[in-house]
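Here is the structure we will look at, set down as structure tokens.
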There are 4 protein chains.
Amino acid sequence: MATDRARVRELGITPGTLPPGECNALVDVPDVSIGHVTLDSGGPANPPCLRTGVTAIHPDSRDVFTDPVTGAVHVLNGYGKSVGLSQVRELGAIETPITLTNTLNVWRVADATVTDVLERHPDATSVNAVTGECNDGLLNDIRGRHVTAEHVQQALDDASPDTTAEGCVGAGRGTTGFGWKAGIGMASRTTGEHTVGVLVLTNTGKPADLQIDGLPVGRHVQPDDVIEPPGGSIMIVVGTDASVSSRQLRRVAKRAPMGLARAGGIAHHGSGDFVIAFANERGPTIADAGLTPLFRAAVEATEEAIYNSLTQAETTTGVDGQTAPALPLEPVRDLLERRDQL
Amino acid sequence: MATDRARVRELGITPGTLPPGECNALVDVPDVSIGHVTLDSGGPANPPCLRTGVTAIHPDSRDVFTDPVTGAVHVLNGYGKSVGLSQVRELGAIETPITLTNTLNVWRVADATVTDVLERHPDATSVNAVTGECNDGLLNDIRGRHVTAEHVQQALDDASPDTTAEGCVGAGRGTTGFGWKAGIGMASRTTGEHTVGVLVLTNTGKPADLQIDGLPVGRHVQPDDVIEPPGGSIMIVVGTDASVSSRQLRRVAKRAPMGLARAGGIAHHGSGDFVIAFANERGPTIADAGLTPLFRAAVEATEEAIYNSLTQAETTTGVDGQTAPALPLEPVRDLLERRDQL
Amino acid sequence: MATDRARVRELGITPGTLPPGECNALVDVPDVSIGHVTLDSGGPANPPCLRTGVTAIHPDSRDVFTDPVTGAVHVLNGYGKSVGLSQVRELGAIETPITLTNTLNVWRVADATVTDVLERHPDATSVNAVTGECNDGLLNDIRGRHVTAEHVQQALDDASPDTTAEGCVGAGRGTTGFGWKAGIGMASRTTGEHTVGVLVLTNTGKPADLQIDGLPVGRHVQPDDVIEPPGGSIMIVVGTDASVSSRQLRRVAKRAPMGLARAGGIAHHGSGDFVIAFANERGPTIADAGLTPLFRAAVEATEEAIYNSLTQAETTTGVDGQTAPALPLEPVRDLLERRDQL
Amino acid sequence: MATDRARVRELGITPGTLPPGECNALVDVPDVSIGHVTLDSGGPANPPCLRTGVTAIHPDSRDVFTDPVTGAVHVLNGYGKSVGLSQVRELGAIETPITLTNTLNVWRVADATVTDVLERHPDATSVNAVTGECNDGLLNDIRGRHVTAEHVQQALDDASPDTTAEGCVGAGRGTTGFGWKAGIGMASRTTGEHTVGVLVLTNTGKPADLQIDGLPVGRHVQPDDVIEPPGGSIMIVVGTDASVSSRQLRRVAKRAPMGLARAGGIAHHGSGDFVIAFANERGPTIADAGLTPLFRAAVEATEEAIYNSLTQAETTTGVDGQTAPALPLEPVRDLLERRDQL
């Protein structure tokens with residue numbers, strides 16, 4: 001099954017107008033590194049069934065506790081448990097790695113992120129962890145809260161600027177989207193001067209709504225058994241090397257959900273949809289009139305990252321024998337081919 | 001030229017999955033009435049060239065100053081001059097008709113809206129007008145500020161529940177979008193129990209970005225001379241007969257820009273993108289878990305209203321001989337036909 | 001009656017711990033100038049009775065339309081009609097003088113402020129006026145909307161860095177506070193490095209609540225006939241020469257209402273309480289850790305400005321023979337004297 | 001030392017104008033119960049030195065996970081780690097007890113609060129804990145993170161509607177304010193129809209600034225060694241039995257910091273100042289015009305609760321032999337006595 005999985009761009013689909021960065025991933029933003037720890041054990045017949053994990057994003061190669069990156073958040077739908085947003089809003093800064101996990105582990109993962117800082121900074125008495133979550137309870141034994149401090153530490157330690165894994169990795173192991181298995185997806189855009197990279201953790205969307213670069217995929221193909229995840233959500237992490245203020249960065253962050261909309265998302269009631277953004281360059285800020293390319297980049301990279309979170313994910317069976325099928329790629333290729341004949 | 005103009009649904013395009021209301025317009029929401037006064041005189045050779053107007057929306061048939069409707073606002077991009085939003089946020093209520101006009105007339109139109117209330121309420125000493133604006137300076141002699149109190153009064157007085165005019169009417173006379181002539185557009189959705197209606201004043205978008213229900217229109221057809229409006233913007237007015245609190249209504253309003261995103265908008269720096277929402281039913285509020293259909297309706301109706309604001313608008317020449325061509329409908333029909341063959 | 005009016009500091013009262021600037025006024029912030037036009041004509045027996053006006057604050061000696069100052073707003077109670085706040089929030093900038101007037105004139109005053117910019121900038125097609133208001137309808141024929149564009153132009157043109165007038169001037173001609181005649185008040189603080197200046201337009205507060213630097217004035221003296229203004233409100237304009245970002249400036253603005261609280265205000269339902277802040281120095285921004293002195297300065301200067309808006313205002317009779325008495329200063333002196341004996 | 005400790009009202013001080021409820025405490029709001037677990041062991045000579053704890057507030061006697069109370073938050077200064085605010089803002093509801101603890105334990109306490117819900121609700125897969133924190137690192141071995149899940153469970157289980165303990169209890173064991181030992185304080189007000197109760201966790205304020213009901217305490221008495229807490233903060237929990245919407249409740253919450261201002265607080269940079277509010281009556285909501293008494297009650301009860309958090313706290317020696325002295329009450333009595341002679 002893994003053999004025919006692909007990134008959406010490998011299918012010939014190129015959302016938007018800006019070119020992607022080298023890896024078309026969040027790690028295209030210089031100095032960013034990413035680590036995933038994936039928990040995948042047990043199954044319907046031998047519980048507990050673990051389909052979960054943790055994803056850690058270092059927004060800079062420097063120690064951000066000593067030298068924070070610029071930060072901003074945007075909440076499209078606040079029905080979620082993300083941790084640490086108030087301080088980011090107030091100070092416009094992020095002082096820890098950004099971590100992602102499942103809903104019921106979010107506080108433990110935040111706590112473990114803080115532990116890491118405390119160990120490296122013997123005098124620290126105040127640390128603001130930024131941790132997002134999606135509810136992977138459809139496939140994962142979420143009530144077991146299986147992500148431990150050790151897993152977090154490992155994700156932090158293993159992080160690399162070369163990480164391009166997508167789909168069923170890290171916090172994306174057990175999530176679903178548009179009725180299909182989803183997970184982690186990434187993409188990036190370059191504006192000539194700057195790079196904007198995005199990582200999404202997709203857990204939202206109804207089957208009929210799925211559009212891929214305008215192709216009405218959801219009208220043509222839907223899973224046999226439409227599964228309804230409990231809640232849903234999407235976490236969108238946006239990074240850039242543009243030197244922007246937190247106010248400007250928030251403007252960038254507010255555009256990211258427009259990429260979700262292009263994929264067919266509507267931010268339904270139960271879907272906690274959060275954007276966490278960072279900028280790791282600290283020079284004089286650019287003028288607001290120069291932000292439009294960054295806005296465009298954020299929309300396009302978010303859109304493509306969501307597609308990748310689907311096209312890279314593989315069919316997964318989890319708790320109670322619930323199965324989330326991988327999005328079949330043939331119908332997408334067919335739709336594209338016919339459009340290209342126009 | 002007017003003969004081949006059509007609403008997007010007449011082209012066979014049916015965005016989203018919910019059915020529209022009877023008129024597929026904001027006036028499908030019971031008790032809503034709309035009035036337009038269009039200023040269209042002069043031309044490049046005989047200035048001043050007026051391509052502007054005022055649009056007035058009565059959110060209820062009752063006197064809303066005495067009995068306000070529930071109100072909410074959402075600002076996607078606050079680079080705009082909309083008037084009256086603070087009080088709507090604080091009190092969750094709208095106590096006047098909602099008016100729309102051009103950027104430099106916004107305060108005079110708000111003032112005239114207040115005059116109307118003062119005349120009808122001899123004891124009133126505090127009135128909050130809610131007025132939005134787009135910059136129509138590409139075609140209109142905007143600095144002339146030609147919209148007068150009389151025009152506003154006329155729009156208020158002429159308002160009717162039967163108003164279905166779109167395109168180059170009222171505040172939409174001089175606006176452009178995605179490189180084409182745009183203006184007023186409307187659409188609605190019914191959820192079974194409730195109706196959501198939308199009116200947009202479109203003045204935003206780049207030619208290459210235009211998507212219509214996923215059809216990559218902007219990749220296939222663009223205006224010969226791409227015109228860049230000063231600023232840009234979109235005003236989105238969302239109405240519903242669902243009984244919701246202002247908090248819930250704001251949740252609905254936050255989804256409206258997802259319809260803009262589906263059309264290809266990115267909310268560029270200069271585009272002041274505002275959503276003004278009202279609910280004119282005042283019973284016990286529905287549960288949040290029941291809001292998702294309203295969210296979907298707001299996304300879909302906004303998307304389709306934007307299309308109508310383009311397909312209904314006609315080629316217009318304005319100040320300095322600047323011409324905004326009407327979006328040609330043949331390429332849209334062609335793209336659709338071929339997709340339908342799939 | 002005017003002879004015994006005084007600034008609160010002349011009574012020996014020195015709120016807070018930071019020293020005031022030279023004039024103890026908003027004009028202590030370098031490059032700030034202020035103009036008032038006061039309308040005072042007619043009376044109960046010969047209507048219309050005008051007790052109103054307009055106040056204009058130039059936040060810089062440079063043309064701020066070409067070179068905006070950093071701006072921020074904070075809304076304590078949004079039950080008010082202030083104009084122009086959305087754009088200040090979005091761009092973190094103020095591009096016109098700040099004007100203040102009465103509730104029903106706010107849109108005309110905003111419009112006239114824009115007229116002034118348009119005349120000086122022949123190419124301008126987008127201008128964001130920032131105008132605040134209080135309801136002076138207790139004493140003023142507010143429904144007459146007597147403030148004209150000419151009055152606004154005069155206030156803008158007459159503005160001077162030497163303006164130290166307080167009490168019944170400009171927009172403060174007809175307002176009341178804590179049961180007494182109130183109006184314009186100012187104060188400033190220096191932090192060693194920076195100056196923070198405040199101008200308030202007071203129209204809020206109940207008689208029993210009035211505290212002056214902790215002295216329980218309202219418990220000892222209240223007006224004979226307690227008059228209830230329609231609505232109430234306070235506009236607080238905060239300026240500084242500290243080089244801060246709009247995010248940081250908003251942090252400063254959020255502290256200003258704490259000065260109102262010290263005076264006994266509770267921001268009652270009908271009181272639209274707004275803070276508009278600007279910073280006219282544009283160098284590299286200071287660190288957040290250095291903001292506390294600015295916070296303190298904003299609290300203390302707002303507190304003292306409110307006192308001055310009372311102690312400088314004179315007994316005024318207005319529409320319907322309604323009289324707002326000046327706060328008698330003897331009881332304040334008495335309370336202070338006895339406290340100083342401790 | 002404990003013998004002369006008193007509530008501020010026992011000193012003869014009656015801030016504001018509304019009468020307190022029966023206990024003058026948050027528990028005056030019907031159906032509210034409170035539990036404290038205080039950790040007090042070790043000392044400078046025998047580390048670890050624990051001066052910390054956890055406080056749990058049940059906002060209703062019903063199971064709020066099944067039947068949430070109305071909720072709202074207001075952030076005066078977001079430099080803090082409070083957990084769970086996004087969902088409260090979005091849904092206007094609180095579905096768990098509110099817990100308070102020290103900064104570095106906040107995620108563990110939130111996690112334990114969730115554990116409690118999960119155990120009582122075998123099907124729950126999504127729980128939003130609301131947990132606030134102050135930095136007690138001046139006296140407490142905060143890096144040891146000594147508050148465990150068992151402590152949280154105990155605080156939840158021991159909660160009682162009769163809890164009136166203040167000062168060095170629960171999360172207040174190790175906090176300081178205005179240079180003195182502080183901790184938990186409470187107060188309430190009745191408006192005739194409704195009760196508003198407040199619980200504060202005080203950890204903010206400079207010695208010279210302290211005012212008690214206008215008495216300039218900080219000018220007359222200051223601790224010998226002024227100690228500077230790392231950060232500072234104040235958590236304000238406001239409860240009411242008034243039936244209000246979350247929008248209205250947020251209006252109430254925004255007034256609470258005005259009580260802090262009256263006590264002399266300025267919300268300095270490092271002070272994370274948060275208000276968490278709940279309303280446990282679920283009938284038809286009152287009109288906004290009726291909110292002013294609730295606003296007044298929130299201001300006054302917050303003010304008095306802060307005083308009680310000081311007057312009830314006892315001298316405490318903690319890590320590194322650091323001592324926070326109790327506020328001496330004689331100078332307060334003296335100041336009051338002389339004022340009363342006026």
Side-chain angles (χ1 to χ4, degrees), chain A residues 15-17 74-79 206 208-209 211-220 232 248 251 254-271 273 287-300 302-303 331 334-342, chain B residues 15-17 74-79 206 208-209 211-220 232 248 251 254-271 273 287-300 302-303 331 334-342:
Chain A
T17 59
H74 171 62
V75 178
L76 170 60
N77 185 9
Y79 194 167
K206 300 294 173 190
D209 293 335
Q211 265 198 3
I212 295 188
D213 193 33
L215 300 171
V217 176
R219 295 183 203 170
H220 285 77
Q248 294 175 320
R251 299 187 75 194
K254 282 184 93 169
R255 270 67 184 180
M258 302 186 86
L260 170 63
R262 290 188 178 184
I266 63 160
H268 63 275
H269 162 65
S271 184
D273 301 341
D288 276 78
L291 291 177
T292 295
L294 301 178
F295 293 172
R296 179 179 296 280
V299 176
E300 294 185 1
T302 301
E303 180 187 3
D334 287 353
L335 280 165
L336 179 68
E337 212 165 281
R338 297 186 208 177
R339 182 172 77 185
D340 285 352
Q341 293 167 351
L342 299 189
Chain B
T17 60
H74 170 62
V75 179
L76 169 60
N77 184 8
Y79 193 167
K206 299 295 174 190
D209 293 335
Q211 266 197 5
I212 294 187
D213 192 34
L215 300 172
V217 176
R219 295 183 203 169
H220 285 78
Q248 294 175 321
R251 299 187 75 194
K254 284 184 91 168
R255 271 66 184 179
M258 303 187 84
L260 171 63
R262 289 188 178 185
I266 62 162
H268 63 275
H269 162 64
S271 186
D273 300 342
D288 277 77
L291 291 176
T292 295
L294 301 179
F295 294 172
R296 179 179 295 280
V299 176
E300 294 184 2
T302 302
E303 180 187 5
D334 287 354
L335 280 165
L336 179 67
E337 211 164 283
R338 296 186 207 175
R339 183 172 77 185
D340 284 353
Q341 293 167 351
L342 298 188

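Everything numeric in this text was worked out from a predicted model, so none of it was measured. We use all heavy atoms of the structure for the numbers below, so side chains are in, but hydrogens, waters and symmetry mates are not. Within every chain, numbering begins at 1; the chains are lettered A, B, ... in the order of the sequence lines, protein sequences first and strands thereafter.
Counting heavy-atom pairs closer than 4.5 Å to chain A, the top residue among B:Ser271, B:Ala263, B:Ala289 is B:Ala289. For the set B:Leu291, B:Asp288, B:Val299, the entry with the most heavy-atom pairs within less than 4.5 Å of chain A is B:Asp288. Across B:Pro293, B:Gly16, B:Gly264, the residue that shares the most heavy-atom pairs under 4.5 angstrom with chain A is B:Gly264. Contact count versus chain A (heavy atoms, under 4.5 Å) is highest, among B:Gly290, B:Ala298, B:Gly265, B:Gly259, for B:Gly265. The choice from A:His74, A:Gln211, A:Arg251 that makes the most heavy-atom pairs within less than 4.5 Å of chain B is A:Arg251. Ranked by heavy-atom pairs shorter than 4.5 Å toward chain A, the options B:Ile212, B:Asn77, B:Leu215, B:Leu260 are led by B:Asn77.
Salt-bridge formation is detected for the pair B:Asp213/A:Arg219: a Lys NZ or Arg NE/NH1/NH2 atom is positioned less than 4.0 Å from an Asp or Glu carboxylate oxygen.
Only the side chain of B:Arg255 comes within contact range of chain A, with at least one heavy atom under 4.5 Å from a heavy atom of that chain. The part of B:Pro257 that comes within reach of chain A is its backbone (N, CA, C, O), which places non-hydrogen atoms under 4.5 angstrom from that chain.
At distances below 3.5 Å, not a single donor-acceptor pair connects side-chain atoms of A:Lys254 with backbone N or O atoms of B:Ala267. Proximity of a side-chain donor or acceptor of B:Thr292 to a complementary backbone N or O of A:His269 within less than 3.5 Å is detected. Listed for the A:Arg262 side chain is no donor-acceptor partner under 3.5 Å among the backbone atoms of B:Gly214.
The CG atom of B:Leu335 lies 9.5 Å from the CZ atom of A:Arg339; values are rounded to the nearest 0.5 Å. Atom CG of B:Leu294 and atom CD1 of A:Ile266 lie 10.0 Å apart (nearest 0.5 Å).
Contact of the B:Leu76 side chain with the A:Met258 side chain is registered, since non-hydrogen atoms from C-beta on lie closer than 4.5 Å.
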